Protein chains: 2
Amino acid sequence: MDPHLLTTFVTVARHGSFSAAAAELGYTQSAISQQIAALEADLGLVLLGRRPVEPTPAGRRLLEHAEPLLLRLRAARADVLRAAALPRHRLRLAATPLAVNAVVAARLARARAQQPRLDVTLVTCGREQVAALVAEGEADLGLADGIAAPSDPLRLPDTGPMTTVGIAEEDLVVALPGDHPLAGRAALRLADLVDARWLQTPLCPLARLRDLVGDGFPAALEYQGDDVHTLLNLVAAGHGLTLLPSSALPAGAAARGVPLASPRLVHRVELLHGALPPGSAADLARTLSA
Amino acid sequence: MDPHLLTTFVTVARHGSFSAAAAELGYTQSAISQQIAALEADLGLVLLGRRPVEPTPAGRRLLEHAEPLLLRLRAARADVLRAAALPRHRLRLAATPLAVNAVVAARLARARAQQPRLDVTLVTCGREQVAALVAEGEADLGLADGIAAPSDPLRLPDTGPMTTVGIAEEDLVVALPGDHPLAGRAALRLADLVDARWLQTPLCPLARLRDLVGDGFPAALEYQGDDVHTLLNLVAAGHGLTLLPSSALPAGAAARGVPLASPRLVHRVELLHGALPPGSAADLARTLSA
DNA sequence: GAGGGTCCATCAGTGTTGCTTATAGCAGGT
DNA sequence: ACCTGCTATAAGCAACACTGATGGACCCTC
């Protein structure tokens, strides 16, 4: 199965048109038609209907495999080039917003003090994007955060042989409105909040809570952003509860944070990297992991 | 990056010889030489030294990516073909030995009763092999087991879009010799067994215990087999402790099983499958998951 | 030192592949 | 009926991938 044909297939399926895919890929319609025919002949299956150009069930299944496969191919190339590259001082660090907490920021500052020539560009994005950027060589290092049991690795998308190192863990709190009946408690258990209204957020996916505790945790509102200020305002206004790292609630915040006692969970930050030959990136990774 | 060239590269590296790789792949030495040159030109790197033919650091990095990549390509092909295939009654079920406990076996028997034409071949192998066989289409369904927190999915190798369903969970016990000082306890905590001697086994990798509890758990002996009878004899003879599902210790066994109270862990069995069009395999999967 | 064997690199020749251009057929709209 | 847009197919040609031959390097034996 040729990745070249796979790329063509994915592009055609996205556009629903041979001609449009040809334009995007810089081929003629005829070449595209022949490439799709070759892929279909190789597998002995019809992968796309014609008029309209839509994937068959088998084609849909192949599409599910194609994107991760093509990403992994890009990752392999990037990682090999990285393993052989000369050290650079200008680095890109991809991070989820909440991954750069005070501990991590302090270590970053220490790294800058130790390496005067270090030049770091910090890019924030979602957890999946962090993994992809590092894998594809678009970022030198990644920082990803999430909810996990203590010392339990985060579940990141697998993009090939990549190293993850846990670098920070912090207690979680349940963020409640200040006037919530449970706001005065010393600690809370998730099992007692099963029927409360919750916010669906990237940090606190409700499916994860259901995995840990069981059914419940209705999503009253979904917030796909990462801005803590907005999140706290949504909580304070009564839209729903969420879990946050304790340091994310400054004194005087609109919402109140009550420590989570059960199940035993933490906000965990992990460093991601591929090949790490000696140089600035390796030094930065070491300092961030210290 | 062409998978064809990758396959050649992997084969040459394995043999340490262009000529031997040529013989295995059915090409001439000249073709192999040109393929490796093409791959090196594509990446702009020397991947293999010559005389002796050994991977460079960059080549070694590429080898780490190559095997999973090639497996995923095979998996994509197999899964697409499976999605489009006609239903068959002759199925292959790949399972780790301890995954087929009494609950699972009973469900399998129920499936056979419900589908008189069902013909299942059960193949036992290691956890990684289960995932690979299912991914590559060599098995229709897989059953894998391991130690996990309740409701926490097992960590299986990622071979592409595959579905895993937890189908059984069972308490774990610490297997001790009958005359062990702790054998009479009602329950045990792992933290109290940190300095005991342990067996390194596929089911109970000591690295996992260290992740959960911390340093310790010295490996007194490694047993790579899966035979519970042998394992119990090793325990009874004082070679070391291990964790086993409670049902694995029959009455009168040579070793004694004491329930594990902390941390909260279970023996978990999961069903693995790729594309599952309507038919015997889908019916079997449904019955096994019930 | 001479001779022989093994192994990889490179060249020339040849069949295969992958692209472009041209054309045919189909569907939908006016 | 005519026009437009779209995909399939055929023919032509450059590029690619393989084989067979050859050269050079290295090692071993006499």
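Proteins get letters first, then strands, A, B, ... in listed order; numbering begins at 1 in each. Since the model is a prediction, treat every value here as computed from it, not as a measurement.
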Taking [atom1] from [X] and [atom2] from [N], how many angstroms apart are they, rounded to a whole number?
X       : N      : atom1 : atom2 : result
B:Tyr27 : C:dT16 : OH    : C1'   : 12 Å
A:Ile36 : C:dC19 : CD1   : P     : 12 Å
B:His15 : C:dT6  : NE2   : P     : 18 Å
B:Ile32 : D:dT19 : CD1   : P     : 9 Å
B:Glu40 : C:dT10 : CD    : P     : 11 Å
B:Asp2  : D:dA17 : CG    : P     : 7 Å

What nucleotide, of [options], holds the atom closest to the side chain of [X]?
X       : options               : answer
B:Val53 : D:dC18, C:dC8, C:dC19 : C:dC8
B:Ala31 : C:dT20, C:dC8, D:dT19 : D:dT19
B:Ser19 : C:dT20, C:dC8, C:dA27 : C:dC8
B:Gln34 : C:dC8, C:dC11, D:dT9  : C:dC11
A:Gln29 : C:dC8, C:dA12, D:dA8  : D:dA8

Between the base of [N] and the side chain of [X], is there a donor-acceptor distance below 3.5 Å?
X       : N      : result
A:Ser30 : D:dT7  : no
B:Arg51 : C:dC7  : yes
A:Gln35 : C:dT17 : no

How close do A:Val130 and A:Thr96 get, heavy atom to heavy atom, and via which atoms?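 Heavy-atom minimum between the residues: CG2-N, 3.8 Å.
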Evaluate B:Leu62 against B:Leu39 for side chain to side chain contact (heavy atoms under 4.5 Å, CB included), listing each step before the verdict. CA-CA 11 Å; B:Leu62 181 57; B:Leu39 183 58; 4.3 Å; yes
Return the 5'-most residue of the pair A:Gly26, B:Ser33 with respect to DNA chain C, ranking by each residue's nearest nucleotide.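 With A:Gly26 and B:Ser33 compared, the 5'-side residue is B:Ser33.
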List the steps and the verdict of side chain to side chain contact (heavy atoms under 4.5 Å, CB included) for B:Val12 and B:Val53. CA-CA 8 Å; B:Val12 169; B:Val53 176; 3.7 Å; yes
Between C:dT17 and B:His4, is there an OP1 or OP2 to side-chain N/O distance shorter than 4.0 Å?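 Answer is no, no contact under 4.0 Å.
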Under 4.0 Å from OP1 or OP2 of C:dA9: is there any side-chain N or O of B:Arg50 that close? yes
Is B:Arg72 paired with B:Asp158 through a side-chain N to carboxylate O contact shorter than 4.0 Å?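 Yes, this pair counts.
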Go through the steps for A:Glu24 and A:Thr11 under the test side chain to side chain donor-acceptor pair (under 3.5 Å), then give the verdict. CA-CA 8 Å; A:Glu24 174 174 326; A:Thr11 309; 4.5 Å; no
